[in-house]
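As structure tokens, the structure follows; a few thoughts come after it.
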Amino acid sequence: MNNIAIVAVAYNRVNSLSRLLNSLEKAWYGNERPTLIISIDKSKSDLVERYADDYVWPHGEKIIKKHEKNMGLRSHMMSLGQWFEKYDTLVVLEDDLVVSPAFYNYTRQASDKYFNDPKIAGISLYSFSTNYISLSPFSPIINEYDGYFMNCAMSWGEIWMKNQWIEFYKWYLGHQEFGDEPHLPRCLHTWSKSWLKYHTKYCIENDKYFLYPYVAHSSNFSDPGTHNENAQYSTFQLVLQQGIKTYSFPDDESQAVCYDGFFENKALYQVLGLTEKDCCIDLYGTKCNRMRCKYWLTTDIVNLPIVKSFGIVYKPMEQNVIQQIAGSGIFLYECSKQSYSIKHNSNVLLYRYNIDNLASFLRSYGLVNIVKMYLKKLKTKICF
């Protein structure tokens, strides 16, 4: 049984840290007494340090790490790997998060199962409800297991395991450059101070997965801070797992529902009888076939020969292809031309398909923010 420590990552937000620690106190730990590490980056105030000094962790040992100089979030997060000298597994939680009462039970079972699995780069506590690349609702296909795989790292509640972290960190030291590359989501290139983009790039380039739960074990309050000027308290909050249970996790890719780093279902290659090299799966319209594959499955309208088309009525979207639903909402093109025009966001059926999500989307983001995001998206959606 691997040795688990919980790391609370703090900077200058006492209220946020207090809320996180309160949720940790209420969690179930069984007979275990996990160590709590509060890692504090240097700020202009010592309020967080004083709060951490006075805080009593009722479930085990408390360690406070006070950095003497301001590191910034990326360096601060990457420095947490030092704790693997003492612990096998780290639950890493930034201070604007809260956890489910069942998060430790999930952590124990998932980390024990995948601790030595070379295909699993990490484990997420958070569960995506939005595709952050396309700004569209996201719902993964649910099978008999309690989680799915994705070539995408997580920063809103994650579990790092020693061997996998060491392998990633060695890769990271040799891959400091980060350009706008066709095999990566374009938005990653804009995250100038991010550490997460490196972990996601590592997953995509090395075909490594994070395990994601179908029911979330962490939630994000998006408090105002260094990288987020405006509070968005409800935007990324999720319903959290409450009960303690025995989880069932897939052994490997053959059992798991698998998504790539663009939130595209990798099972569609087999459904179409094509390989990843030959076909660009692009239902969310964010890849733009920049890799110049021979075939392109997308909801975009393109002046290319249509090999096959599918309806767009089932949810999640990939089920229309899997179930071979007839219609004209999703198109498999043969990219026989060297250049072609794309009518982005012109698929009326796609708008109708997503219309029932409009009210909640407006409520969460606000009309002004949505307009700003989509204007930015349109400006950056240049394929060639």
Side-chain angles (χ1 to χ4, degrees), residues 7-13 16 39-43 67 69-82 90-97 121-128 130-135 138 150-160 164-165 167-206 208-210 212 218-232 235-236 259-263 286-287 369 372-373 376-377 379-381:
V7 184
V9 182
Y11 176 45
N12 63 356
R13 302 184 291 197
S16 299
S39 184
I40 308 170
D41 198 6
K42 182 68 174 177
S43 69
H67 293 280
K69 296 181 180 179
N70 179 259
M71 304 178 72
L73 182 60
R74 176 178 161 191
S75 295
H76 189 186
M77 294 295 292
M78 299 303 295
S79 75
L80 300 179
Q82 66 183 296
L90 300 178
V91 182
V92 181
L93 303 164
E94 294 184 38
D95 60 7
D96 59 351
L97 304 175
I123 299 166
S124 175
L125 295 172
Y126 193 80
S127 183
F128 284 119
T130 299
N131 178 335
Y132 64 79
I133 306 168
S134 64
L135 304 178
F138 172 72
M150 182 180 281
N151 299 129
C152 178
M154 172 49 60
S155 65
W156 292 347
E158 64 268 24
I159 301 165
W160 298 344
Q164 290 94 321
W165 174 262
E167 182 179 347
F168 160 64
Y169 191 70
K170 288 179 180 178
W171 176 93
Y172 169 77
L173 292 177
H175 294 79
Q176 297 294 295
E177 297 296 325
F178 204 105
D180 183 9
E181 303 173 58
H183 65 287
L184 300 175
R186 270 210 157 107
C187 63
L188 298 186
H189 180 58
T190 68
W191 299 354
S192 59
K193 299 180 180 180
S194 171
W195 66 272
L196 176 65
K197 65 181 183 180
Y198 293 96
H199 213 172
T200 295
K201 181 179 181 181
Y202 169 78
C203 289
I204 292 173
E205 293 187 347
N206 297 279
K208 304 282 188 179
Y209 291 105
F210 262 58
Y212 279 81
S218 67
S219 190
N220 187 345
F221 272 76
S222 297
D223 297 318
T226 301
H227 304 292
N228 179 34
E229 295 180 359
N230 301 311
Q232 295 174 311
T235 302
F236 300 110
Y259 290 87
D260 66 17
F262 291 79
F263 292 72
T286 59
K287 291 184 181 178
N369 286 333
K372 287 181 178 178
M373 286 189 293
K376 183 178 180 181
K377 178 183 174 184
K379 288 180 180 178
T380 57
K381 195 170 181 180

With sequence neighbours excluded, residues passing side chain to side chain donor-acceptor pair (under 3.5 Å) with [X]:
X	value
His67	Ser39
Tyr212	none
Trp191	none
Tyr209	Glu253, Lys266

Does some side-chain heavy atom of [Y] sit less than 4.5 Å from a side-chain heavy atom of [X]?
X	Y	value
Pro185	Phe263	no
Asn70	Tyr11	yes
Trp195	Ser155	yes
Met77	Glu158	yes

Kindly say whether the aromatic ring centers of Phe138 and Tyr259 come within a distance under 6.0 Å.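 Between Phe138 and Tyr259, the centre distance is under 6.0 Å.
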
Partner set under side chain to side chain contact (heavy atoms under 4.5 Å, CB included) for [X], not counting sequence neighbours:
X	value
Ser218	Leu125, Tyr126
Gln176	Arg74, Tyr172
Glu181	His183, Leu184, Lys201, Glu205
Ser219	Val98, Gln237, Leu238, Leu240

Could you tell me whether the side chain of [X] and the main chain of [Y] form a donor-acceptor pair under 3.5 Å?
X	Y	result
His76	Gly72	no
Asp96	Asn220	no
Ser194	Leu196	yes

Taking every heavy atom of Phe178 against every heavy atom of Lys197, the minimum-distance pair comes out as CE1-O, 3.5 Å

Closest non-hydrogen atom pair, Val7 against Leu90: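 The answer is CG2-CD2, 4.1 Å.
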
If the condition is ring-ring contact (aromatic ring centres under 6.0 Å, His included), which residues does Phe210 pass it with, not counting sequence neighbours?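 Here the qualifying residues are His199.
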
For Asp41, all residues meeting salt bridge (Lys or Arg N to Asp or Glu O under 4.0 Å), sequence neighbours excluded: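 Partners of Asp41 under the salt bridge (Lys or Arg N to Asp or Glu O under 4.0 Å) test: none.
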
